[in-house]
Student: 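Quick one: structure below, then a few questions.
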Amino acid sequence: MKKLSAILAATLAGACVAQAQELSISSTFAWESDYVFRGIQLAEEFFAPAVDLSYGDFYAGIWAALPVDSQYGNEVDIYAGYGVGVSETISADFGFTYYTYPDAGSDFFDDVNTFEVYGGLSFEAPLSPSVYAFYDLDLEILTFEVSAGHSAEVGEGATFDIAAYVGYVDPNDGDSYTYYGASVGYAYSFTDNAAFSIGLNWYASSEDYMYDGDSDALTVSTSFTAGF
C-alpha cells in the first residue's frame with residue numbers, strides 16, 4: 001500500500017496467478033495508529049479504504065490514506081500490475097503505482113503527484129521470500145525490498161501471520177537509507193469472502209524519520225475485507 005510493499009505485491013500477484021481467469025473484486029476498510037511508509041512516518045492515526053480487482057493474471061486497485069488529523073492531508077494511490085508464474089516455484093510481478101495528493105499544499109505533502117514502476121519475484125519456499133525493485137520516475141528514487149512471511153492455521157477459519165522485510169532507498173538527490181520492519185497478526189474468515197484481522201507492526205529505519213525523533217515506531221492495525 002503506498003502500502004504496496006513487496007509483501008502486499010507478492011500477495012496480490014499470487015492471488016492473481018491462482019485465480020486462473022476468474023474475476024474477483026474485494027473491498028477493504030482498515031485503520032492504523034500511525035502511517036509509516038518505507039521507514040518514514042507520513043501521518044499519525046489514519047483510515048485506509050481500498051478496492052481491489054483481479055482477472056486472471058491482471059490486478060488493479062485504489063488505496064487511500066485518510067488521516068484522522070486533517071493537517072496531514074489525504075493520499076489516494078492507483079495501481080495495476082500483472083503477476084505470472086515463471087515456474088512451479090517462482091512467480092513474477094510487474095506493475096505501477098500512481099501516488100496522488102488531493103490536499104496538496106499542506107505542511108506534509110508537496111504539490112506533486114508521482115508515478116512509480118515496480119517488478120519482483122516471489123518464491124514458493126519456506127517463509128515465502130520475495131524480492132522487489134521500485135523506481136519513482138518523478139522523484140528519481142530507487143528502492144529495493146526483500147521480505148518473508150508465514151501464515152499458520154490456529155483454528156477453523158483463523159490464522160496467525162508473521163512477516164518481516166528490509167529495504168534500501170537510493171534517491172538521485174539526497175542521502176540513501178535503510179528501512180526494515182516486522183508484523184504479527186491474527187485473521188479470522190467469517191465466510192469465504194469476508195475476513196477480519198488485527199495486528200501489531202514495527203517500523204524502523206537507519207534515519208530518525210519519526211515525528212518524535214526516534215528511528216522506529218510500533219503501531220496497531222485492524223482491517224475488514226469483503227469480496228465476491
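What you see is a predicted model; the values in this text were computed from it and never measured.
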Student: Between the main-chain N or O of Gly85 and the side-chain N or O of Ser91, is there a donor-acceptor pair closer than 3.5 Å?
Tutor: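 Looks like no, no N/O pair under 3.5 Å.
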Student: So do Asp77 and Tyr98 actually touch side chain to side chain, heavy atoms under 4.5 Å?
Tutor: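 Side-chain contact under 4.5 Å: no.
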Student: Short question: side chain of Thr100, backbone of Val76 - any donor-acceptor pair under 3.5 Å?
Tutor: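 Checking the backbone N and O of Val76 against the side chain of Thr100, a donor-acceptor pair under 3.5 Å is found.
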Student: Please lay out, stage by stage, how Ser151 and Asp161 fare under the test side-chain hydrogen bond (donor to acceptor under 3.5 Å, both in side chains).
Tutor: CA-CA 4 Å; Ser151 180; Asp161 307 307; 2.5 Å; yes
Student: Between Ser189 and Asp192, is there a donor-acceptor pair closer than 3.5 Å when you use the side chain of the first and the backbone of the second?
Tutor: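 Not at all, since once roles are kept as given, no pair shorter than 3.5 Å links the two residues.
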Student: What's the shortest heavy-atom distance between Tyr79 and Ile62, and which atoms?
Tutor: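 Minimum heavy-atom separation between Tyr79 and Ile62: CE2-N, 4.1 Å.
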Student: Is there a side-chain contact between Pro129 and Ser147, using heavy atoms and a 4.5 Å cut-off?
Tutor: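 Result no, sub-4.5 Å side-chain heavy-atom pair not found.
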Student: Is the shortest heavy-atom distance from the side chain of Val68 to the side chain of Phe46 under 4.5 Å?
Tutor: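 Side-chain contact under 4.5 Å: no.
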Student: With sequence neighbours left out, what residues match Ser128 under side chain to side chain donor-acceptor pair (under 3.5 Å)?
Tutor: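 Ser128: no side chain to side chain donor-acceptor pair (under 3.5 Å) contacts found.
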Student: Looking at side-chain heavy atoms only, is the closest gap between Phe47 and Phe29 below 4.5 Å?
Tutor: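 The answer is yes; the side chains approach within 4.5 Å.
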Student: What are the two closest non-hydrogen atoms of Pro67 and Ala43, and how far apart are they?
Tutor: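 Minimum heavy-atom contact is CG-CB, 3.9 Å.
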Student: Can you list every pair that meets side-chain hydrogen bond (donor to acceptor under 3.5 Å, both in side chains) and has a residue in residues 213-228, with sequence neighbours left out?
Tutor: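 For residues 213-228: Thr28-Thr225, Glu32-Thr219, Ser197-Ser223, Asn201-Thr219, Asn201-Ser221, Trp202-Asp216.
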Student: Would you please test Val184 and Phe160 for side-chain contact (heavy atoms from CB on, under 4.5 Å) and show each step?
Tutor: CA-CA 7 Å; Val184 295; Phe160 178 76; 4.2 Å; yes
Student: Please verify the inter-ring angle class for Phe190 with Phe224; under 30° counts as parallel, over 60° as perpendicular, anything in between as tilted.
Tutor: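 Correct class here is tilted.
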Student: Hey, what's the ring geometry for Tyr72 with Tyr211, parallel, tilted or perpendicular (30° and 60° as the breaks)?
Tutor: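 Parallel.
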Student: Quick one: does Asp136's side chain have a donor or acceptor within less than 3.5 Å of a partner on Thr114's backbone?
Tutor: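 No.
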Student: Would you please indicate if the ring centroids of Phe115 and Phe96 are separated by under 6.0 Å?
Tutor: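 Centroid separation for Phe115 and Phe96: below 6.0 Å.
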Student: Would you compute the distance between atom CD1 of Ile90 and atom OG of Ser130 and round it to the nearest 0.5 angstrom?
Tutor: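 Spacing of CD1 (Ile90) from OG (Ser130) equals 12.5 Å.
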Student: Under the ring pair (Phe, Tyr, Trp, His ring centres under 6.0 Å) rule, collect the residues that match up with Phe123, sequence neighbours excluded.
Tutor: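 Applying ring pair (Phe, Tyr, Trp, His ring centres under 6.0 Å) to Phe123 gives none.
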Student: List the steps, then state whether side-chain hydrogen bond (donor to acceptor under 3.5 Å, both in side chains) holds for Tyr55 with Ser24.
Tutor: CA-CA 6 Å; Tyr55 182 76; Ser24 174; over 6 Å; no
Student: Check whether any side-chain heavy atom of Tyr135 lies under 4.5 Å from a side-chain heavy atom of Glu116, and answer yes or no.
Tutor: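 No, too far: nothing below the 4.5 Å cut-off.
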Student: Between Tyr165 and Ala182, which heavy-atom pair has the shortest distance, and what is it?
Tutor: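 Of all heavy-atom pairs spanning Tyr165 and Ala182, the closest is CE2-N, 4.2 Å.
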Student: Is it the case that one hydrophobic cluster holds both Phe134 and Phe94, taking links as side-chain heavy atoms less than 4.5 Å apart, direct or via other members?
Tutor: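 No; tracing contacts between hydrophobic side chains, which count when under 4.5 Å, never links both residues.
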Student: Say you draw a straight line from CH2 of Trp63 to CD of Glu75; how long is it, rounded to the nearest 0.5 Å?
Tutor: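 Between Trp63 CH2 and Glu75 CD, I get 5.0 Å after rounding to 0.5 Å.
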Student: Give, for atom OH of Tyr168 and atom CG of Leu142, the distance between the pair rounded to the nearest 0.5 Å.
Tutor: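 Rounded to the nearest 0.5 Å, the OH-CG separation comes out at 9.0 Å.
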Student: Would you say the side chain of Thr178 lies within less than 4.5 Å of the side chain of Val166, judging by non-hydrogen atoms?
Tutor: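 Answer yes - side chains close enough.
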Student: Would you please test Gln41 and Tyr209 for side-chain hydrogen bond (donor to acceptor under 3.5 Å, both in side chains) and show each step?
Tutor: CA-CA 6 Å; Gln41 185 178 7; Tyr209 288 145; over 6 Å; no
Student: Which residue in the set Tyr132, Tyr82, Tyr118 passes side chain to side chain donor-acceptor pair (under 3.5 Å) when paired with Asp93?
Tutor: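 Looking at Tyr132, Tyr82, Tyr118, the match for Asp93 under the side chain to side chain donor-acceptor pair (under 3.5 Å) is Tyr132.
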Student: Between Asp34 and Val36, is there a donor-acceptor pair closer than 3.5 Å when you use the side chain of the first and the backbone of the second?
Tutor: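 Flag not set: sc Asp34 to bb Val36 has no pair under 3.5 Å.
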Student: Any chance you could measure Tyr99, atom OH, to Thr97, atom OG1, to the nearest 0.5 Å?
Tutor: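 These two atoms lie 4.5 Å from each other.
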Student: Using side-chain heavy atoms (C-beta onward) and a distance below 4.5 Å, is Thr143 in contact with Asp170?
Tutor: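 Heavy-atom side-chain distance check fails, nothing below 4.5 Å.
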Student: Is it true that Leu218 and Val220 fall in one hydrophobic cluster, defined by side-chain heavy atoms closer than 4.5 Å?
Tutor: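 Cluster IDs for Leu218 and Val220 match.
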Student: Should Val131 and Leu127 be regarded as members of a common hydrophobic cluster, given that ILVMFWY residues are connected when their side-chain heavy atoms come within less than 4.5 Å of each other, either directly or indirectly?
Tutor: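 Different clusters: Val131 never reaches Leu127 through Ile, Leu, Val, Met, Phe, Trp or Tyr contacts under 4.5 Å.
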Student: Roughly how far, to the nearest 0.5 Å, is CG of Leu53 from CZ of Phe58?
Tutor: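 Result: 7.0 Å between the selected atoms.
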Student: Using 30° and 60° as the class boundaries, would you call the ring planes of Tyr186 and Tyr188 parallel, tilted or perpendicular?
Tutor: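 Correct class here is parallel.
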Student: Could you tell me if the side chain of Tyr35 sits less than 4.5 Å from the side chain of Glu45, heavy atoms only?
Tutor: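 In short, these two side chains do not touch, never coming nearer than 4.5 Å.
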Student: Is Arg38 salt-bridged to Glu207, going by a charged N under 4.0 Å from an acidic O?
Tutor: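 No, this pair does not count.
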Student: If you measure from OG on Ser205 to CD1 on Ile40, what distance do you get to the nearest 0.5 Å?
Tutor: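 Result: 7.5 Å between the selected atoms.
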